Protein chains: 2
Amino acid sequence: MDQLRETLKVHHLRTTTCREDVLSTFINRKNALSHGDLEGELGENYDRVTIYRTLKTFLEKGIIHKVLDDEGLRYALCSHSCSEEKHQHDHIHFKCSSCGETNCLENLHIPAVQLPEGYHPEHFNLLIQGVCPKCN
Amino acid sequence: MDQLRETLKVHHLRTTTCREDVLSTFINRKNALSHGDLEGELGENYDRVTIYRTLKTFLEKGIIHKVLDDEGLRYALCSHSCSEEKHQHDHIHFKCSSCGETNCLENLHIPAVQLPEGYHPEHFNLLIQGVCPKCN
DNA sequence: TCGGACTTGCAACGGGGTTGCAGAATATTT
DNA sequence: AAATATTCTGCAACCCCGTTGCAAGTCCGA
């Protein structure tokens with residue numbers, strides 16, 4: 001519990017029950033979550049708008065990152081210490097077509113790509129869809 | 001012009017002016033288009049719903065494919081002959097943070113990735129964000 | 001050119017996401 | 001411990017995305 005407050009403090013955020021609950025939801029469920037997921041879990045306690053704003057704040061502060069998905073945006077915890085200034089991710093995301101879960105494969109880096117002359121890459125986002133070990 | 005009708009015919013679609021216009025828009029503008037882009041271009045001639053349905057039909061028939069984007073879905077022409085049965089893409093998408101355009105890099109294939117035991121990959125989607133040659 | 005099959009437009013709806021504002025909660029200072 | 005400044009929350013309202021049902025219109029093959 002103190003862990004949550006500590007994380008918020010590091011990122012210069014006030015500790016509120018909503019932020020603690022959203023953060024702990026990300027920590028407990030390990031997979032990437034959509035706003036809808038969070039609303040399903042916490043919607044009775046907090047307004048939808050508050051959850052949207054909490055996500056936006058966490059994004060800006062480097063606590064979570066976006067996960068692209070063919071059916072909408074999701075969010076997942078940043079593993080290492082991202083911050084407001086530096087928000088770098090190069091790991092792979094895997095979405096299971098059976099259970100629908102999307103997960104970060106933290107250990108797998110996106111392979112380097114040789115782009116044609118003139119392209120200046122900044123961010124990479126690789127989504128692999130298929131069947132995960134659990135559903136195999 | 002006959003080219004358009006031909007393409008539609010190959011995919012077993014009736015030729016209608018809306019489908020011809022949507023298809024030729026994709027051919028003229030080379031980049032990936034959102035529904036909003038098409039509505040901006042053709043919205044005075046056709047209902048939004050019709051454009052949505054045209055996109056959906058083109059998707060199913062293998063004329064266009066989805067392009068993931070951090071701010072919404074886009075669509076781009078399938079280069080080779082995709083069909084209703086086989087709809088395979090393994091090229092890279094590049095989104096320019098300056099001009100906002102998203103393009104297929106048809107010649108660049110997504111590098112192979114060695115996934116851990118138990119994962120069965122089916123589809124790959126790599127979006128690279130950065131600055132494109134035009135905006136350089 | 002006729003008829004069945006497909007396509008379109010309209011109306012309506014649900015969900016996703018944002019903004020403005022007033023009131024509540026938090027952190028800070030004394 | 002109380003007062004203050006700052007930040008956060010809830011509510012209402014709004015716009016955009018995408019879908020569905022239905023009636024009218026269009027296409028294409030016989």
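The figures that follow rest on heavy atoms only: side chains count, while hydrogens, waters and symmetry mates do not. Predicted, not measured: the structure shown is a model, and the values here were computed from it.
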Open item on the list: For a stem of at least 3 consecutive Watson-Crick or G-U pairs with distances under 3.5 Å, i pairing with j, i+1 with j-1 and so on, which stems involve DNA chain C?
Closed with: C:1-30 with D:1-30
TODO: Please tell me if the side chains of A:Lys66 and A:Leu73 come closer than 4.5 Å, counting only heavy atoms from C-beta onward.
DONE: yes
Task: Side-chain H-bond candidate by donor/acceptor type, A:Tyr46 with A:Thr54, under 3.5 Å - done: no
- [ ] Give a yes or no on whether B:Ile92 and A:Leu68 share a hydrophobic cluster (residues Ile, Leu, Val, Met, Phe, Trp, Tyr; joining criterion: side-chain heavy atoms under 4.5 Å apart).
- [x] no
Under-3.5 Å N/O pairs linking protein and nucleotides 13-17 of chain C:
{"from": "C:dG17", "atom 1": "OP2", "to": "A:Tyr52", "atom 2": "OH", "distance (Å)": "3.4"}
{"from": "C:dG17", "atom 1": "N7", "to": "A:Arg48", "atom 2": "NH2", "distance (Å)": "2.6"}
{"from": "C:dG17", "atom 1": "O6", "to": "A:Arg48", "atom 2": "NH2", "distance (Å)": "3.4"}

TODO: Sequence neighbours left out, what passes salt bridge (charged side-chain N to carboxylate O under 4.0 Å, His left out) with A:Arg29? Give chain and number order.
DONE: A:Glu41
Task: Atom-to-atom span, NE2 of A:His12 to C1' of D:dC8 - whole angstrom - done: 18 Å
Open item on the list: Starting from B:Val10, can I reach B:Leu4 by hopping between I/L/V/M/F/W/Y residues whose side chains sit under 4.5 Å apart?
Closed with: no
- [ ] Write down the distance between CG (B:Leu55) and P (C:dT8), rounded to a whole number of angstrom.
- [x] 12 Å
- [ ] Evaluate the ring planes of B:His65 and B:His91, with Trp represented by its six-membered ring, and classify them as parallel (under 30°), tilted (30 to 60°) or perpendicular (over 60°).
- [x] perpendicular
Open item on the list: Going by side-chain contact (heavy atoms from CB on, under 4.5 Å), A:Leu8 matches just one of A:Arg14, A:Glu20, A:Gln3. Which one?
Closed with: A:Glu20
Task: Euclidean distance, atom CG of residue B:Asp47 to atom P of D:dG25 [Å, nearest integer] - done: 15 Å
Task: B:Arg19 CZ - C:dG9 C1' separation (whole Å) - done: 15 Å
Task: Rounded distance (Å) that lies between atom P of D:dG29 and atom NZ of B:Lys9 - done: 7 Å
Could you pull out every donor-acceptor pair under 3.5 Å between side chains of residues 115-133 of chain A and any protein atom, sequence neighbours left out?
{"from": "A:His120", "atom 1": "NE2", "to": "B:Asn136", "atom 2": "ND2", "distance (Å)": "3.1"}
{"from": "A:Gln129", "atom 1": "NE2", "to": "A:Asp70", "atom 2": "OD2", "distance (Å)": "3.3"}

- [ ] Let me have a per-nucleotide readout for nucleotides 19-30 of chain C, 5' to 3', with B, S or -, counting only protein heavy atoms under 4.0 Å.
- [x] BB----BBS---
- [ ] Could you state the atom-to-atom distance from CD1 of B:Ile51 to C1' of D:dT19 in whole Å?
- [x] 15 Å
Taking only distance into account, with no hydrogens and no angle test, what donor-acceptor pairs under 3.5 Å do side-chain atoms of residues 98-105 of chain A form with protein atoms, sequence neighbours excluded?
{"from": "A:Glu101", "atom 1": "OE1", "to": "A:Asn103", "atom 2": "ND2", "distance (Å)": "3.4"}
{"from": "A:Glu101", "atom 1": "OE1", "to": "A:Lys134", "atom 2": "NZ", "distance (Å)": "3.3"}
{"from": "A:Thr102", "atom 1": "OG1", "to": "A:Asp69", "atom 2": "OD2", "distance (Å)": "3.4"}

- [ ] Using atom NZ of A:Lys61 as one end and atom C1' of D:dC8 as the other, report the distance to the nearest whole Å.
- [x] 13 Å
Open item on the list: Regarding A:Asn28 and A:Thr25, do their side chains bring together a donor and an acceptor under 3.5 Å, going by distance alone?
Closed with: no
Open item on the list: Strictly distance-based, threshold 3.5 Å: is any side-chain N or O of B:Asp37 a donor or acceptor partner for the main-chain N or O of B:Ser34?
Closed with: yes
- [ ] For B:Glu60 and C:dC6, give me the distance from atom CD to atom P, rounded to whole Å.
- [x] 14 Å
